[in-house]
Number of protein chains: 2
Amino acid sequence: MVVKLKDIADATGKSITTVSRALNDYDDVSEETKALVNKIAKELGYSPNTWAQRLQKQHTDTLGLILPTFGPRFSDPFFSELLAGIGNRAAQLGYDILVSTRAPGEEEEIAYRAAIQGKRVDGFILVRTRRQDERITLLQESDFPFVAFGRAEEKLDFPFVDEDGTHGMKVLVRHLTALGHKKIGCLAPPPELMFAHYRLQGFKESLTEAGIQESDAPILVGDLTQRGGYEQACKLLDSASPPTAIAACNDLMAFGAMSAAQERGMVVGKDISITGFDDIPMAEYSHPPLTTLHQPIYEIGGRVCEMLVKLIQGEALKERYVLLKPELLVRQSSGSV
Amino acid sequence: MVVKLKDIADATGKSITTVSRALNDYDDVSEETKALVNKIAKELGYSPNTWAQRLQKQHTDTLGLILPTFGPRFSDPFFSELLAGIGNRAAQLGYDILVSTRAPGEEEEIAYRAAIQGKRVDGFILVRTRRQDERITLLQESDFPFVAFGRAEEKLDFPFVDEDGTHGMKVLVRHLTALGHKKIGCLAPPPELMFAHYRLQGFKESLTEAGIQESDAPILVGDLTQRGGYEQACKLLDSASPPTAIAACNDLMAFGAMSAAQERGMVVGKDISITGFDDIPMAEYSHPPLTTLHQPIYEIGGRVCEMLVKLIQGEALKERYVLLKPELLVRQSSGSV
DNA sequence: ATTCTATTCCAAAACGTTTTGGAAGTCAAG
DNA sequence: CTTGACTTCCAAAACGTTTTGGAATAGAAT
């Protein structure tokens, strides 16, 4: 049998009210009674029924996170790193994480609506913002607290943490052109993703800067997986005049591109330069280690989580918009021509 | 304002009872009324308050998953793959996942107790079973539904899915000895983990089988990360008579070992053989691609999830104990001496 | 003796839903 | 015009907690 307040009340001879208030350390309960109630509660192994508590208190101490899946899964180490950051910070702050996966579309919207209306969670963490992000408008209309990892195209006002992808790609391409590369391919993410926009913008701007023609900077869209990177890289490498460098917009695709190059007998970092973006833990240990842009994914997760909790608790945010500069990590996968 | 049953009742002129029953498609409500109620409910954007529902119904449609963290994070791609499998299957079955991270110890136990007593979740998925696993006894004592990924040492009876690590390692070592290796190092997981036990057992048994002395089969314990694998592999490689093959007990450590070997100018797959266990998505794309044991992590996640849901719903399990045979994938990281 | 203040307690309402145990109405059969 | 069966509805209780708005007691001040 599950122990409830009534059981403690019966055991101590006090009322339910008193027991409740004793457990919550109200000061209209005598120290003696508190001690007694706490003792008995411990003995009986009491812990409160969460739903009853939440029904009454009108908040859940739970944060929602719906991972957008393209394809059947979300096993991108990027997400696991982010989730780790969110989860651990949330645990510290006394919050739980309710995780779901939903492909972008109607199902996804229903999931959000149900969570909001049904008061399942106190707030949402939004990841992988999209150009026209219905999630954002939905949450704003509902006046529901959320923090996004990523910006949105429309000049909507909402708190976010994001990395400066444009800046990052510029630094990266400068690194490549400094090494003498004049023909640089790009493995881009699906264009509806906001971060694709920023990274691509950086890529393009820095080409203009370096005086490289568009024709010498082929851009292929991949699905962010190794396989996608591999497939697109094959196309680049097998073209009439293949590039001497490939800038992938995430590490996973960079790994795929490395496989494609190595399969063709090329030595990555010598015969061809390949770079990534994200610096997932794997990047340091690939062979050769991957030149990439580091963004502190784990810390970002924690940061987003923290902001959301503040928002929920009605505290003011010190910074509503956080834009982090990714740091270029030059490893052995890039070299001079 | 949040829409509740009362609002629909007022709008339709029906009672709360009737509205509730109409929405739940009871057959003591006329079709007309049902249609009306559903229409109004949709118009008002109603969706039920989850806590109230759960308080009443006594179940949560939520599965609990507390990831044991050694160190501050759990960004092992293994977990993200597993979580993906669990999450997607759960979504199909109409369940949510409540994810927490907790380091093994008292905090962890408190988290379990609170979730059980507080009826937060309908059941638990247990991962990374340990030799003396207090979580199992706790859940059994509380008579709380759970399914484990992994077995336990004591002959406790509980439903689980596991891979046959002993068998896997045997197949693997046979592969290595067939290639002529006579000195094989092993990177083992922390011994309190149950899967360490099974994999190590397989390792040891197959050495006896092949007539290899213990002194020619050094076993070093690593923390399952690349870094850990790197560090321990360094010790092996820098020893007086280094092994010609290293069998790491998970892929991540194998990657670390590959870095260590490559750092020393060795060609992995030629100068030294390195193998993993798990076949995380990365394994196929490392350089060289990793010889490893494939276990269908994603599918296991789904399977565990499915079993737990059946258990919760009181259905009989077709198979209470599932033991899968990992499949040896020979890639280029292993070669003859 | 009366009033006031402080302390300690508690009955009842509230949170939003589902379920219980009928009630009311309609229709057909007797 | 009764009776029974069926359909459609609903008031009230229940789930377990917190909060509200006092009540009861004791001691101090008048």
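Lettering of chains follows the sequences in order, A, B, ..., and the numbering in each one begins at 1. What you are looking at is a predicted structure, and each value in this text was computed from that prediction instead of being measured.
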Q: Sugar-phosphate atoms are those with a prime plus P, OP1 and OP2; base atoms are the rest. Using that split, label each nucleotide of nucleotides 11-17 of chain C B, S or - for protein heavy atoms under 4.0 Å, 5' to 3'.
A: BB-BBBB

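Between K14(A) atom NZ and dT18(D) atom C1' the separation is 19 Å, expressed in whole Å. Taking atom CG of D28(A) as the reference point, atom P of dT7(C) lies 11 Å away to the nearest angstrom.
Dashed line: the shortest gap from a side-chain N or O of T18(A) to OP1 or OP2 of dC9(C) is not under 4.0 Å. Between T33(A) and dT8(C) there is no side-chain polar atom (N or O) within less than 4.0 angstrom of OP1 or OP2. The side chain of Y26(B) contributes no N or O atom lying less than 4.0 Å from OP1 or OP2 of dT18(C).
The two residues L23(A) and A41(A) make their nearest non-hydrogen contact at CD2-CB, 4.0 Å.
Among the heavy atoms of the strands, none lies under 4.0 Å from R54(B).
For the residue pair Y321(B) and D162(B), no side-chain donor N or O sits within less than 3.5 Å of a side-chain acceptor on the partner. Side-chain contact of S20(A) with T17(A): a donor-acceptor pair under 3.5 Å is absent, judged by distance alone.
For the helix from dA1(C)-dT30(D) to dG30(C)-dC1(D), the axis fitted to the five pairs at one end and the axis fitted to the five pairs at the other end meet at an angle of 70° (nearest 10 degrees).
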Please tabulate, for side-chain N and O atoms in residues 304-311 of chain B, each donor-acceptor pair with protein atoms closer than 3.5 Å (sequence neighbours left out).
| residue | atom | partner | partner atom | Å |
| --- | --- | --- | --- | --- |
| E306(B) | OE1 | R89(B) | NE | 2.7 |
| E306(B) | OE1 | R89(B) | NH2 | 3.3 |

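Each of R128(A), Q132(A), E153(A), R130(A) was evaluated against M194(A); a single residue qualifies, E153(A), per the side-chain contact (heavy atoms from CB on, under 4.5 Å) test.
Close placement of the F158(B) and F146(B) rings is indicated, their centers lying within 6.0 Å of each other.
A salt bridge is absent between R54(B) and D61(B): the closest approach of a Lys/Arg side-chain nitrogen to an acidic carboxylate oxygen does not fall below 4.0 angstrom.
For CD of E107(B), the number of neighbouring non-hydrogen atoms (other residues, nucleotides, ligands) closer than 6.0 Å is 12 at most.
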